[in-house]
Amino acid sequence: MNEHNVTTLNEFVIKKQNDFPYAKGELTRLLSHIGIASKIVHREVNKAGLVDILGEMGTVNPTGEDQKKLDVFANDQFIGALKASAECCGIASEENQDIVTFDNDLARDGKYIVTIDPLDGSSNIDVNVSIGTIFAIYRRISKIGHKAQEEDFLQEGTRQVAAGYVIYGSSTMMVYTTGRGVNGFTLDPSIGEFCLSHPKIQTPTNGKIYSINEGNYVKFPTGVKKYLKYCQEKDSETNRPFTSRYIGSLVADFHRNLLKGGIYIYPETENNPNGKLRLLYECNPIAFIAEQAGGKASDGNGNRILDLKPTSLHQRVPFFVGPRSMVDKAEEFMNSKGEM
Ligand code: AHG
Ligand code: MN
Ligand code: MN
């Protein structure tokens, strides 16, 4: 990379601010604070194994999962950074039962709220496998100058102002959208800056990868079972059989599929009629990015993820995301109820 031509995340966001005639830099400050928190999380993730940050916290999160020390650390970092930005009046996090409102004079005037999965892929933390952070930013609907309300967080995904994720992988990257395409930035640890490395990301129109936890096979709906069989069949015209790839971190699985072309499915199962993934801070932000990159995200039953009206903070939803053609095909199998 020619170092004189490096565009940092902050420079890029400020440049893009000019696309919005009435922008006052609030979103810019918010994204920059998320960037700072993610650099701190990056630093700790890199030290994991050396310092006492691995392992269980001994507590459970609102959806009943064991909290890891890094889940709690990351949550504290993002809450601290968003509060300090003074642009955000509250957050909804995977790690907090209720919304967290920032009740000081500055934050009460914040126009935005954030939903966040501070650390995605918790089960991979202790074994040095990629993990991530997922976030979405909305304009509040409650009155400025007052505490944020739950209604601010229960907005349809179509109302997202920005969404992104950070992947702590072989390198750390931030990928985000404000509804005008998707751009990716790689952290250069030597200068401590996210640098534009993946401008204008578009997902391949057709992919060769399918990602699903096949250990749950017997509990899958018939449509999913049939679609998996389709993925595994030989057909030279459609490049099948496809390759199976599953990490168990939504961010890492989605990121690979976004760049290489592939479908990610977390369907409903017998015991979990709404699947596992959470609408507010996992599916909606990823769906926004997928659509902006030319892909599609649905619940597998004909409903666009971004159109769903949320009813509760930790609500789950079946999730099918990837190139449009692949999601369409999977939905065809879901529709046919096994007749295909
Ligand atoms: P989190 O670590 O934030 O709770 O999310 C875990 C999610 C997601 O990252 C991943 O795709 C999925 O759980 C994996 O679930 P399975 O282990 O059931 O495959
Ligand atoms: Mn998650
Ligand atoms: Mn998480």
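These figures come from a predicted structure and were not determined experimentally. Every number for a ligand or one of its atoms is a count from 1 in the order of the listing.
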J.: Looking at the Mn ion (ligand 2), which N/O/S atom of Glu282 is the nearest one?
T.: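 Among the N, O or S atoms of Glu282, the one closest to the Mn ion (ligand 2) is OE2.
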J.: Quick one: look up the protein heavy atom nearest atom 18 (O) of ligand 1 and list residue, atom name and how far away it is.
T.: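 Nearest protein contact, heavy atoms only, for atom 18 (O) of ligand 1 is Tyr266 OH, 2.5 Å.
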J.: Taking 4.0 angstrom as the limit and counting only heavy atoms of Asp117, give me the atoms of ligand 1 inside it, by number and element.
T.: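 Those qualifying, in numeric order: 3 (O).
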J.: Would you check if Leu250 and Leu277 make a side-chain contact, meaning some heavy-atom pair closer than 4.5 Å?
T.: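 Heavy-atom side-chain distance check passes, below 4.5 Å.
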J.: Check contact between Thr63 and ligand 1, using heavy atoms of the residue and a distance below 4.0 angstrom.
T.: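 Contact check Thr63 vs ligand 1: negative.
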J.: Verify whether one side chain among Ser142 and Arg140 offers a donor that lies under 3.5 Å from an acceptor in the other.
T.: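 Present: a donor and an acceptor within the cut-off.
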J.: Tell me the protein heavy atom at minimum distance from atom 10 (C) of ligand 1, and give that distance in Å.
T.: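 So the nearest neighbour among protein heavy atoms is Gly248 O, 3.4 Å.
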J.: Classify the contact between Val251 and ligand 1 as side chain, backbone, both or neither, using a heavy-atom distance cut-off of under 4.0 Å.
T.: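 Near ligand 1, Val251 shows nothing, with every heavy atom at 4.0 Å or more.
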J.: So does Asn46 have more than 12 non-hydrogen atoms from other groups sitting under 6.0 Å from CG?
T.: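 Yes, CG of Asn46 has more than 12 neighbouring heavy atoms, counting only those of other groups under 6.0 Å.
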J.: With heavy atoms of Arg278 as the reference, note each atom of ligand 1 found under 4.0 Å away.
T.: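 Within the 4.0 Å cut-off of Arg278, ligand 1 contributes 1 (P), 3 (O), 4 (O), 5 (O).
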J.: Say whether, by atom type as modelled, one donor and one acceptor occur between the side chain of Asp253 and the main chain of Gly248 under 3.5 angstrom.
T.: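 Flag set: sc Asp253 to bb Gly248 pair under 3.5 Å.
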J.: Show the atoms of ligand 1 that are less than 4.0 angstrom away from any heavy atom in Glu94.
T.: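 Checking each atom against Glu94, I get 1 (P), 3 (O), 4 (O).
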J.: Heavy-atom contacts under 4.0 Å between Ser122 and ligand 1: side chain, backbone, both, or neither?
T.: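 For Ser122, the contact with ligand 1 is made by both the backbone and the side chain.
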J.: When you compare ligand 1 with Tyr264, is there at least one nitrogen or oxygen pair between them that comes in under 3.5 angstrom?
T.: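 Between Tyr264 and ligand 1 (N or O atoms, distance only) the closest approach is under 3.5 Å.
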J.: Looking only at distance, does Leu277 have an N or O less than 3.5 Å from an N or O of ligand 1?
T.: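 No - when backbone and side-chain N and O of Leu277 are compared with those of ligand 1, no distance drops under 3.5 Å.
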J.: Within 45 degrees of the axis of the six-membered ring of Tyr227 and under 6.0 Å from its centre: does Lys329 put its NZ or CZ there?
T.: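 Pair Lys329/Tyr227 does not count as cation-pi.
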J.: Do me a favour and list the nearest non-hydrogen protein atom to atom 5 (O) of ligand 1 with residue, atom name and distance?
T.: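 I find the closest protein heavy atom is Asp120 OD1, 3.2 Å.
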J.: When you check the side-chain N and O atoms of Arg278 and Thr63, is any donor under 3.5 Å from an acceptor?
T.: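 Arg278 vs Thr63: donor-acceptor pair found between side chains.
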J.: With a sphere of 6.0 Å drawn around NZ of Lys83, does it hold more than 12 non-hydrogen atoms of other residues, nucleotides or ligands?
T.: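 No, NZ of Lys83 has 12 or fewer neighbouring heavy atoms, counting only those of other groups under 6.0 Å.
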J.: Under 4.0 Å from a heavy atom of Ser249: give me the atoms of ligand 1 that qualify, with their elements.
T.: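 It comes down to these atoms of ligand 1: 9 (O), 11 (O).
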J.: So between Ile125, Ile212, Asn213, whose heavy atom ends up nearest atom 16 (P) of ligand 1?
T.: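 Checking each option, the heavy atom nearest atom 16 (P) of ligand 1 is found in Asn213.
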J.: To make sure I understand the geometry: which N, O or S atom in Glu94 is closest to the Mn ion (ligand 3)?
T.: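 This turns out to be OE1.
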J.: Specify the protein heavy atom at minimum distance from atom 19 (O) of ligand 1: its residue, its atom name, and the distance to 0.1 Å.
T.: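 The closest one turns out to be Tyr246 OH, 2.5 Å.
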J.: In degrees, rounded to 10 degrees, what angle do Asp117 atom OD1 and Leu119 atom O make at the Mn ion (ligand 3)?
T.: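 Value, to the nearest 10 degrees: 90°.
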J.: Can you find a non-hydrogen atom of Gly121 under 4.0 Å from ligand 1?
T.: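 Yes, Gly121 has heavy atoms under 4.0 Å from ligand 1.
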J.: Can you tell me if Ser122 and Asp71 form a side-chain donor-acceptor pair at under 3.5 Å?
T.: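 On atom types as modelled, these side chains qualify, holding a pair under 3.5 Å.
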J.: Taking the Mn ion (ligand 2) as the reference point, name the nearest N/O/S atom of Asp120.
T.: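 Closest N, O or S atom of Asp120 to the Mn ion (ligand 2): OD1.
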J.: Could you tell me whether some N/O pair between Lys276 and ligand 1 is separated by less than 3.5 angstrom?
T.: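 So ligand 1 has an N or O lying under 3.5 Å from an N or O of Lys276.
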J.: Using the rule that Ile, Leu, Val, Met, Phe, Trp and Tyr join whenever any side-chain heavy atoms are under 4.5 Å apart, tell me whether Val175 and Val45 fall into a single cluster.
T.: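 No, Val175 does not connect to Val45 through the hydrophobic network.
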J.: Going by atom types alone, do Asp328 and Ser325 pair a side-chain donor with an acceptor below 3.5 Å?
T.: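 Short answer, no.
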J.: How far apart are the C-alpha atoms of Ser93 and Asn75, what are their side-chain angles, what is the distance that settles it, and do they pass the side-chain hydrogen bond (donor to acceptor under 3.5 Å, both in side chains) test?
T.: CA-CA 8 Å; Ser93 164; Asn75 195 36; 2.8 Å; yes
J.: Under a 4.5 Å cut-off applied to non-hydrogen side-chain atoms, are Phe319 and Asp299 in contact?
T.: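 Side-chain contact under 4.5 Å: no.
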J.: Would you tell me whether Tyr168 and Thr133 have side-chain atoms, one donor and one acceptor, within less than 3.5 Å of each other?
T.: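 Yes.
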J.: Atoms of ligand 1 less than 4.0 Å from Glu282 heavy atoms?
T.: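 Here the atoms of ligand 1 in question are 3 (O), 5 (O).
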J.: What part of Leu250 sits under 4.0 Å from ligand 1 if we count only heavy atoms: the side chain, the backbone, both or neither?
T.: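 The part of Leu250 near ligand 1 is both the backbone and the side chain.
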